[in-house]
There are 2 protein chains.
Amino acid sequence: MKKVNVRKPGAGRPRDEDVTRQIRAAAMELGLESGFDGLSIEAVAAHAGVGKTTIYRRWRNVWSIVADAVLDDVAKLAPLQEQSTARGSLAASMRLAARYFRGPRGKVLRALIGRAQVDRTLHKALIEQWLLARRNVTREFVRRGIAKGELRPDLDPDIVIDALYGPLYHQLLLPYDSGHGDLSDAYVDALVETVFAGLERKGE
Amino acid sequence: MKKVNVRKPGAGRPRDEDVTRQIRAAAMELGLESGFDGLSIEAVAAHAGVGKTTIYRRWRNVWSIVADAVLDDVAKLAPLQEQSTARGSLAASMRLAARYFRGPRGKVLRALIGRAQVDRTLHKALIEQWLLARRNVTREFVRRGIAKGELRPDLDPDIVIDALYGPLYHQLLLPYDSGHGDLSDAYVDALVETVFAGLERKGE
DNA sequence: TAAATACGATACAAGTCGTATCGTATCGTA
DNA sequence: TACGATACGATACGACTTGTATCGTATTTA
């Protein structure tokens, strides 16, 4: 999915980067308009005013184009935000992620994660370039929170991240429409509050 | 996805239920063997020793067959289990769900949820017949836990279920392979423990 | 017996796939 | 300037799947 333009620049006519961008844009446009299901290379080629050869020279199939378009700039699109406390960092970053999920790119990410369930290469790329790229940073938020005495010292950072972010992905892919299906900031806040405070009754 | 055999039994030769079962079985078999990506009606027909017409008379496409095979008996496959405490009920039911996710049917569910991201009809069926069917029961576990004073009275049951089950679906679809990617019982237990106890440091 | 429907088989047009082959255009290098 | 190498758009190609239609036969109800 990465390394789209692997080529020795030794000789020959170089690839036109404008054409590359046009193809990416055409794929996203067509997908968001008519759905990513029937998205075909031929349709993308026609919509971009480009020969099929030109596409196949860069990507192996349609999903590689979409993945490339999204994964190229993960960090920019749904950035992580560090604040003074672990709770603050996590809540702020989750809000940004939820906002991303709500937007048009969320629809693309849904289609990508969906397709990844039957496409091993895409699945691997998604985990490495999207999920782990974010998680490696998020894990530090938790570790620092533990080090500062803000969080319980016996916590497993990955379990914590799962408990917080798992519901977000769950809502993205299978919104059950029970009042929280919109991935709103209020939902994120309620989630953070619930997980941080725990479920058990305190005073007794 | 439900109501596979909608037909007036007034006259004519009735459908052969054995054939219906054979088609379902053939679809699952082929999918688990060769992957659900390239699964075609023609292949299923050939593998089941059946004409394409016979399949199209029952389902509109391949995914309807698979969905039908899985959603037909949700309750039996990953049952919910009530115990004396809400925590016990949730932990036990989550273990059963995780076991289901680990098994061969988990692969099918992955493919189904994946396909549902670009198939509105399937998406709706999955939420109504799988997710909500389970959630409506699970919600009562939480409500009773609150009523009995076991859980905090100000909890939103759906948020609680999201925090617990969200990570399970997250791990099913995007296992990040950091030691917990196996959806083991230990993972479930750690998750329950973390969410129930909360993240904040108690003694201070 | 007659109407109605199911069944397996085969044929069909339409669409997409991935590859190959054109002639033309654009680069680096001799 | 000339040459080799590669990119580009266009077109054609065989292979495959799709969903529908049609055939002769089988099975059920009325």
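Residue numbers start from 1 in every chain, and the chains themselves are labelled A, B, ... in the order their sequence lines are given, proteins ahead of strands. Note that this is a predicted model, so its numbers are computed, not measured.
Applying the salt bridge (Lys or Arg N to Asp or Glu O under 4.0 Å) criterion to B:Glu140, with sequence neighbours excluded, gives B:Arg143. Looking at residues two or more places apart in sequence or on another chain, you find a side chain to side chain contact (heavy atoms under 4.5 Å, CB included) between A:Pro79 and A:Leu96. Annotation: ring-ring contact (aromatic ring centres under 6.0 Å, His included) contacts of A:Phe101 (sequence neighbours excluded): A:Tyr169. Remark: B:Arg21 pairs with B:Glu17, B:Asp18, B:Arg24 by the side chain to side chain contact (heavy atoms under 4.5 Å, CB included) rule, at least two apart or across chains. In terms of the salt bridge (Lys or Arg N to Asp or Glu O under 4.0 Å) criterion, residue partners of B:Lys52 (sequence neighbours excluded) are, by chain and number, B:Glu42. Not counting sequence neighbours, A:Arg110 has no partner by the salt bridge (Lys or Arg N to Asp or Glu O under 4.0 Å) test. Here A:Arg139 pairs with A:Asp158 under the salt bridge (Lys or Arg N to Asp or Glu O under 4.0 Å) rule; sequence neighbours left out.
Taking a 4.0 Å limit (strictly below) on heavy-atom distances, residues 35-45 of chain A reaches DNA chain C at A:Ser40, A:Ile41, A:Glu42.
The list of side chain to side chain donor-acceptor pair (under 3.5 Å) pairs with a residue in residues 89-101 of chain B, not counting sequence neighbours, reads B:Arg95-B:Asp185, B:Arg95-B:Asp189. Screening residues 117-126 of chain B for salt bridge (charged side-chain N to carboxylate O under 4.0 Å, His left out) gives B:Arg115-B:Asp119 as the qualifying pairs, with residues at least two apart or on separate chains.
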- Item | Contact pattern, 5' to 3', of nucleotides 19-25 of chain C - B, S or - by protein heavy atom under 4.0 Å | BB----B

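Going from atom CG of B:Asp18 over to atom P of C:dA6 covers 16 Å, rounded to whole Å. Rounding to whole angstrom units, CD of residue A:Glu17 and C1' of D:dT6 are separated by 15 Å. We find that CZ of A:Arg58 is positioned 17 Å from P of C:dG18, with the value rounded to whole Å. If you take CD1 of A:Ile55 and C1' of C:dT16, they are 13 Å apart, rounded to a whole angstrom. The distance between atom CZ of B:Arg15 and atom C1' of C:dC7, rounded to the nearest whole Å, is 12 Å. Computed from coordinates, the B:Arg57 CZ to C:dG8 P distance equals 9 Å when rounded to whole Å. Between B:Trp59 atom CH2 and D:dT20 atom P there is a gap of 16 Å when expressed in whole angstrom units. If you measure from atom CG of A:Asp16 to atom P of D:dG9, you get 8 Å, rounded to the nearest angstrom.
Counting non-hydrogen atoms under 4.0 angstrom, B:Asn61 reaches nothing in the nucleic acid.
A salt bridge does not link B:Arg144 with B:Glu150: none of the charged nitrogens is closer than 4.0 Å to a carboxylate oxygen.
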- Query: Please, what dot-bracket string fits DNA chain C when only Watson-Crick and G-U pairs with both distances under 3.5 Å count, crossing ones use [ ] and pairs to another strand use |?
  - Reply: ||||||||||||||||||||||||||||||

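How far CG of A:Leu151 is from CD of B:Glu200: 8.0 Å, rounded to the nearest 0.5 Å.
The shortest distance between the side-chain N/O atoms of B:Thr54 and the OP1/OP2 oxygens of C:dA6 is not below 4.0 Å.
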